[in-house]
Amino acid sequence: MNIATVVVDVPAMNTDREYDYLIPEKWSGMIQPGMRVNVPFGPRNVQGFVTDIRDHSDYDSLKAIVEPMDILPVLNQELLLLGEWLTEKTLCFKIQAFQAMLPAAMRAKYEKVFIPRDQQVLEKPELKKIFNQKGEIPWDVGEKLNLLTLLKREVEAGALELLYKVKSKGKKRTVKMIGTALTKEELIQAEKQLMGNSTKQKRVLQYFIDNGPDICIKKQLMQETDAGDSTIKSLLEKEYLFERNVESYRDPYEHHHFEKTTSFPLTEEQTNAILPILDAIEKKQHETFLLYGVTGSGKTEIYLQSIQRVLEQGKEAIVLVPEISLTPQMVRRFKSRFGNDVAALHSGLSVGEKYDEWRKILRKEVKVVVGARSAIFAPFENIGIIIIDEEHETSYKQEENPRYHARDVAIKRGQFYQCPVILGSATPSLESFARAKKQVFSLLTLRKRMNNQALPSVEIVDMREELRSGNRSMFSTKLFEKLQDRIKKKEQTVLLLNRRGHSSFVMCRDCGYVVQCPNCDISLTFHRYSHSMKCHYCGFESRVPNVCPECQSEHIRYFGTGTQKVEEELLKLLPEARVIRMDVDTTSRKGAHEKLLQQFGDGKADILLGTQMIAKGLDFPNITLVGVLSADTTLHIPDFRSSEKTFQLLTQVSGRAGRHELPGEVVIQTYTPEHYSIELAGEQDYDRFYQKEMMVRKLGGYPPFYYVALITVSHDEVMTAASVTEKITKFIRPHLSDKAIILGPVASPIPRINNRYRYQCLIKYKREPKLNETLRKVMEHFATSGKKHIQVAIDVNPYMMM
DNA sequence: TCTTGCCTATTC
DNA sequence: AATAGGCAAGAC
């Protein structure tokens, strides 16, 4: 058993397999599957994952592992298996699947440096200046100074050596602790022996005499005894005290205080819903539940009490929340109920903080994880429940490799641990609801709000009418009147600016010219903050032109309604209103999001104005009005899910109003009031929306009636991109049944990104056992062989059709 | 004859 | 992904 199979950190088609390595004597028995190792690969060293330990290899000139990068496995047996499954299902590389399961801090960093072979090189005049303090020359320094040929020659001459370093980015933070090994009596003795003028040292020793020999944090000790660094140092030298580095965690919730809460009594509906879940927990049975409950129906309390039961069994729980930094209220609820048993993993944390939270999970110091998408890979080994809140959210689908959906991973893990999976939503995805109707999932329904408060009344305002009657502002008469009314009554309003897919662009008023990105076929987005235009796909940036490049007109300016513009108009029309604006600009700073919400919750503003990010999770008693400024912007993006997304967004945001004693009202402004997704969102009628949308999907041949796989090919030249896509289409056809529909090749909705032309091919199918195998072959064939620079991206069950 | 660029195979 | 080796076209 001295051979390890290793998946190396080289994401490419031809290296997507296991390589065998010898385990050096000194680490035999210590190296285990799931550990990261540093291995030689070709001429360099890379990071790799040990997948298995064997006693024999078919390959006879094995290299040895350089060193292990972990003391204990970072992936357990189940996660290794899960990685294999991910690789197969999402058609990614093995290494990508493993990387996705770990925090970013654990991705290896590579460094190349030239080191001297002998001391004489250090004196060479042409090199002398560029050696750094460590006596090394980093590769990129050599590159910058154009000295690579010279340096390489020195390597060949044997004067220098090129060293490949593999570094783990994750740094554990430590604190210095001070303690004493002496007994109380010995300490008193020691104190007497000190010189009379060493008052500070005496005080420190006195501290230990008073508080016992306990170890304490150096910083605190210094503060409490008013001692300096040198005082402690001399005591250490006299060996009265000892110093030790102890690993510490960065605690993102350090300054928060969580009021302990206990279970609330459940309503009858909630009790009916929780019983089947508790039953599955009790029976240790896997079952997927779809918890369909209107906004404010108390889904969270069901989650909390289910988790409670799981914890009583000594098991662990994973809770997924969409982009958790957006719902600090949610984390607070879990921390309040389960205290220090909770780890939170979300995008608001720094890389280091995420790493710390993750290590708490690995060491079983917590029992509950609340996190965004990637938290589904939490390295627990005894999972008792997995909960996905707002299961319809598209952020659960990863848009890079591995292109997984957290829902699928959750069910896979739930099967492994024989535990229930709960998908909660007020507006379930059509896929999930259809599965519930077919009894693949068990449907649990909450129709009433917790306090029996009625759902808010919704009014839809036709903005075309407003325009006809001469109102050219962005607020309809109705919305404006209600806004004034709320301010008078000191109640709060939430205003949603729906602007996904409709960001501000720069257009000439005279000739209609819109400024496009030179590298991509998409218009540039206007950024007021820097007064520049940016491309969201390739990063291109340029100044706003003063005259139109087409017709030289000076009437060129930005269009599209941004939150700033709405804010300006609000302040003009309602100068007494206090407005909090939430968008990318105001929430980019760490913790800004939470702070703004806190301010709003404390009643420091009358109006909360924002984009999509305010639609979820807000729960403030004083909100009695919700206004949607333009409901239909999401409707016009080329995506078969656009109606569903519009309906969900409108329903979610409407649910923010009147959650407590005060009744709520909602005003939805739109240019297409007759569209069913807007009309039915107005009636808060999910069931009718479901039926209507299912008809549309059936006619169009879209999910949940068909599965979809999307192949996107890109290349520098249009012709190559088109012809390769054509070839792929022809290649796939004979491998699939007659029932599969292959659409394409067609140009992608964004035909060019970063000067690469994009063509795509869409496969619709119901049951194709050989599909994944065929798609693998496509990758092997077309992504590598000969034709360079061809990129083939395959997305099974895509959420972004662009 | 010696460089350069480009393609291909290889990496345990 | 990164490299070495092979080959052919250009530089002197």
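Numbers restart at 1 for each chain; the letters A, B, ... are given by sequence-line order, proteins then strands.
For the pair A:R359 and A:Y355, the cation-pi criterion (under 6.0 Å, within 45° of the ring axis) is fulfilled.
The side chain of A:R17 approaches B:dC12 more closely than any other nucleotide in the set C:dT3, B:dC12, C:dA1. Out of C:dA1, B:dC12, C:dT3, the shortest distance to the side chain of A:P43 is found at C:dT3.
Counting heavy atoms of neighbouring residues, nucleotides and ligands inside a 6.0 Å radius, atom NZ of A:K730 does not exceed 12 of them. In this structure, A:K94 places its NZ atom where more than 12 heavy-atom neighbours from other residues, nucleotides or ligands lie under 6.0 Å away.
A ring-centre distance under 6.0 Å is not found for A:Y706 and A:F640.
By the 5.5 angstrom centroid cut-off and the 30-degree plane limit, A:Y19 is classified as not stacked against the base of B:dC12.
Within 4.0 Å of A:Y110, counting heavy atoms only, lies no atom of the nucleic acid at all. Backbone-only contact: A:Y21 has heavy atoms under 4.0 Å from sugar-phosphate atoms and none from a base.
Without hydrogens or angle criteria, A:D70 side chain to A:R36 main chain gives a donor-acceptor distance under 3.5 Å.
Atom CE of A:M13 is separated from atom C1' of B:dT11 by 16 Å (rounded to the nearest Å). A:Q791 places its CD atom 9 Å from the P atom of C:dA1, with the value rounded to the nearest Å. At whole-Å resolution of the value, NZ in A:K63 and C1' in B:dT11 are 7 Å apart. With rounding to whole Å, A:D16 atom CG is found 15 Å from B:dC12 atom C1'. Per the geometry, CD belonging to A:Q99 stands 13 Å off P belonging to C:dA1, to the nearest Å. Per the geometry, CG belonging to A:L22 stands 9 Å off C1' belonging to B:dC12, to the nearest Å. Whole-Å rounding puts the A:K112 NZ to C:dT3 C1' distance at 9 Å. Going from atom OH of A:Y59 over to atom P of B:dT11 covers 4 Å, rounded to whole Å.
Between A:Y164 and C:dA2 there is no side-chain polar atom (N or O) within less than 4.0 angstrom of OP1 or OP2.
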